[in-house]
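What follows is a single structure, written as structure tokens, with notes after it.
We name chains A, B, ... by the order of the sequence lines, and we start the count at 1 in each one. The model shown is predicted, which means the values in this text are computed figures rather than measured ones.
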Amino acid sequence: AQTSAQLRAQQKHSITAGLGFVPLAGAGGILTYGFSVNQELEIQLAAQLLASAFPASWISGSVNLKARYYLGNAFYLSAGLGMEKGTIKDTFILPNNKVDVIKSETQYSAFGLDFGVGQQWRWGSFILDLEYVGVHSPLVFLNPRSVGVDKQTG
Amino acid sequence: VELRFVMLSVGGAF
């Protein structure tokens, strides 16, 4: 049987779909195309959707271009650049007046950085990819727009 | 900063 590293050198193209968890109460999905330059280096284009319910309602979609460097047979580090669009919705109940509720909605677009650590195994043409920790950090925000809605209830 | 923990993906290579 061939090792994952040997298969990366032979199979130039890969497509993977994944599901993950976002702390504290979120989840995400990712669709990735990869191009293997050689055993060590892979260039990836990934579309990602992340959503979280806590501490605020938040959803974001991003497209990332990444370089993934394999240190051995399966272990990798990845770094990339991304373009992200997101919406954050939050509700504040004022402590001094329980009938006042402030709702805010922020829409943003941002360029960001993306880092990841994980392992990818290949058996024949099958791929199993486990990214242990991924970080996406928006850095440069473009036209962030905030809408505040002040609601009187009761 | 958005973190994601344990992203499990499956797919194919060609």
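Ranking A:Leu7, A:Asp129, A:Leu113 against chain B, the residue ahead of the rest is A:Asp129, based on heavy-atom pairs under 4.5 Å. Chain B forms the most heavy-atom pairs under 4.5 Å with one residue out of A:Thr32, A:Leu139, A:Leu31, A:Ile30, and that residue is A:Ile30. Chosen from A:Ser14, A:Gly134, A:Pro138, the residue pairing most often with chain B at heavy-atom distances under 4.5 Å is A:Gly134. Ranking A:Gln120, A:His13, A:Arg8, A:Gln10 against chain B, the residue ahead of the rest is A:His13, based on heavy-atom pairs under 4.5 Å.
Between B:Phe14 and A:Gln11, the closest side-chain pair of non-hydrogen atoms is not below 4.5 Å.
When hydrophobic clusters are built by joining Ile, Leu, Val, Met, Phe, Trp and Tyr residues whose side-chain heavy atoms come closer than 4.5 Å, directly or via intermediates, A:Val133 is grouped together with B:Leu8. A:Ile43 is not connected to A:Tyr76 by any chain of hydrophobic side-chain contacts under 4.5 Å among Ile, Leu, Val, Met, Phe, Trp and Tyr, and they are in different clusters. The cluster map of Ile, Leu, Val, Met, Phe, Trp and Tyr, joined by side-chain heavy atoms under 4.5 Å apart, puts B:Val6 and A:Leu19 in different clusters. Cluster annotation: A:Phe115 and A:Val140 are assigned to the same hydrophobic cluster (Ile/Leu/Val/Met/Phe/Trp/Tyr, side-chain heavy-atom contacts under 4.5 Å, transitive). In the hydrophobic clustering of this structure, B:Leu3 groups with A:Leu130; members are Ile, Leu, Val, Met, Phe, Trp, Tyr whose side-chain heavy atoms approach within less than 4.5 Å, directly or through other members.
Closest approach of A:Arg122 to B:Ala13, counting heavy atoms only: NH1-CB, 3.6 Å. Residue B:Ser9 comes nearest to A:Thr16 through the heavy atom pair CB-CB, 4.1 Å, listed as atom of the first residue, atom of the second, then distance.
For A:Gln48, the part lying under 4.5 angstrom from a heavy atom of chain B is the side chain only. Contact of A:Tyr132 with chain B is made through the backbone alone, with heavy-atom distances under 4.5 Å. The contact between A:Glu84 and chain B is made entirely by side chain atoms (from C-beta outward), counting heavy-atom distances below 4.5 Å.
Residues satisfying the side-chain contact (heavy atoms from CB on, under 4.5 Å) test with A:Trp123, not counting sequence neighbours, are A:Trp121, A:Phe126, A:Leu128.
The local environment of NZ in A:Lys12 is crowded, with over 12 non-hydrogen atoms from other residues, nucleotides or ligands closer than 6.0 Å.
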